[in-house]
Participant: 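Structure incoming, see below.
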Amino acid sequence: MRALLQRVLEAKVVVDGQVTGEIQTGILVFLGLGKEDNFEKGQKLIDKILKYRFFDDEQGKMGWNVSQANGGLLLVSQFTLMAQTQKGLRPDFGPAMPPTEAKALYEQLVAYAQSQFENVQTGIFAADMKVHLVNDGPVTFNLEVE
């Protein structure tokens with residue numbers, strides 16, 4: 001399971017011309033699910049994301065988490081994060097969780113995130129999403145859990 005986190009001043013997901021999720025200051029999370037992933041790993045990852053300190057505190061250091069920064073969380077499923085890219089000139093998506101299983105797990109993780117944090121927005125699983133964002137910094141981190 002992989003999550004690419006971007007600290008944003010604003011972000012939104014548009015599907016078929018309609019905004020499906022939108023936040024102001026917060027974290028845009030691109031979430032990739034692998035064949036071996038499960039809900040317990042996902043809980044650990046969501047908990048880590050919510051506690052991860054990469055917003056500026058009063059001293060200008062990365063000391064605050066998303067809650068302390070009064071931010072939002074925008075979760076976007078992205079199976080391409082699971083691609084193997086070490087060999088050749090085409091990505092290998094073999095490690096990605098099959099779509100039916102991934103959709104069920106993604107929906108469980110969204111529900112879990114919503115139970116832990118008030119401002120959670122999402123894209124639409126497997127849709128052709130247009131993601132708009134203003135990266136703050138830029139600050140981007142790649143998180144994985146075992």
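From a predicted model like this one, the values you see are computed outputs, not experimental measurements. What you see below is based on every heavy atom in this structure, not just the backbone, and it leaves out hydrogens, waters and symmetry mates.
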Participant: Would you say R2 and M82 make side-chain contact, with heavy atoms under 4.5 Å?
Facilitator: yes
Participant: Compare every heavy atom of N135 with every heavy atom of P138, then report the nearest pair and how far apart it is.
Facilitator: CA-OD1, 3.0 Å
Participant: Output, in order, the C-alpha distance, side-chain angles, deciding distance and verdict of side-chain contact (heavy atoms from CB on, under 4.5 Å) for Q121 and L73.
Facilitator: CA-CA 6 Å; Q121 301 287 311; L73 189 66; over 6 Å; no
Participant: Let's go through L50 and V66 carefully: what are the C-alpha distance in whole Å and the side-chain angles of both, what is the deciding distance for side-chain contact (heavy atoms from CB on, under 4.5 Å) to 0.1 Å, and is it a yes or a no?
Facilitator: CA-CA 6 Å; L50 292 174; V66 67; 4.0 Å; yes
Participant: For D16, does the CG atom sit with more than 12 other heavy atoms under 6.0 Å from it, leaving out its own atoms?
Facilitator: no
Participant: Measuring from atom CG of L33 to atom CG of L109, what distance do you get when rounded to the nearest 0.5 angstrom?
Facilitator: 6.5 Å
Participant: If you count every heavy atom of other residues, nucleotides or ligands that lies below 6.0 Å from K103 atom NZ, does the total exceed 12?
Facilitator: no
Participant: Do the non-hydrogen side-chain atoms of Q84 and P95 ever get within less than 4.5 Å of each other?
Facilitator: yes
Participant: Write down the atom of D57, the atom of Q59, and the distance for their closest heavy-atom approach.
Facilitator: OD1-N, 2.9 Å
Participant: So with a 6.0 Å cut-off around CD of E40, is the heavy-atom count from everything else above 12?
Facilitator: yes
Participant: Do the non-hydrogen side-chain atoms of D56 and R7 ever get within less than 4.5 Å of each other?
Facilitator: yes
Participant: Looking at every heavy atom in both V8 and I27, which two are closest together, and how far apart are they?
Facilitator: CG2-N, 4.3 Å
Participant: Is Q18 atom CD crowded by more than 12 heavy atoms from other residues, nucleotides or ligands, each under 6.0 Å away?
Facilitator: no
Participant: Report yes if the side chains of T80 and F93 come closer than 4.5 Å at any heavy-atom pair, otherwise no.
Facilitator: yes
Participant: Could you check if a side-chain atom of T140 sits within less than 4.5 angstrom of a side-chain atom of L5, using non-hydrogen atoms only?
Facilitator: no
Participant: Start with the C-alpha distance between D47 and Y52, add both sets of side-chain angles, then the distance that settles side chain to side chain donor-acceptor pair (under 3.5 Å), and finish with yes or no.
Facilitator: CA-CA 8 Å; D47 291 342; Y52 209 69; over 6 Å; no
Participant: Side chains of L4 and L81: closer than 4.5 Å at any heavy-atom pair?
Facilitator: yes
Participant: Return the minimal non-hydrogen interatomic distance between Q6 and F54, and the atom names on each side.
Facilitator: C-CE1, 4.4 Å
Participant: Please answer: with hydrophobic residues joined when any side-chain heavy atoms are less than 4.5 Å apart, are F79 and V110 in the same cluster?
Facilitator: no
Participant: How about E36 and K41: do any of their side-chain heavy atoms sit closer than 4.5 Å?
Facilitator: yes
Participant: Of all heavy-atom pairs between L75 and Y106, which one has the smallest distance, and what is that distance?
Facilitator: O-OH, 3.0 Å
Participant: For the side-chain contact (heavy atoms from CB on, under 4.5 Å) test, which of I46, L45, D37 pairs with V145?
Facilitator: L45
Participant: What are the two closest heavy atoms between A3 and L31, and how far apart are they?
Facilitator: CB-CD1, 4.3 Å
Participant: May I ask you to test the L28-V131 pair for a side-chain heavy-atom distance under 4.5 Å?
Facilitator: yes
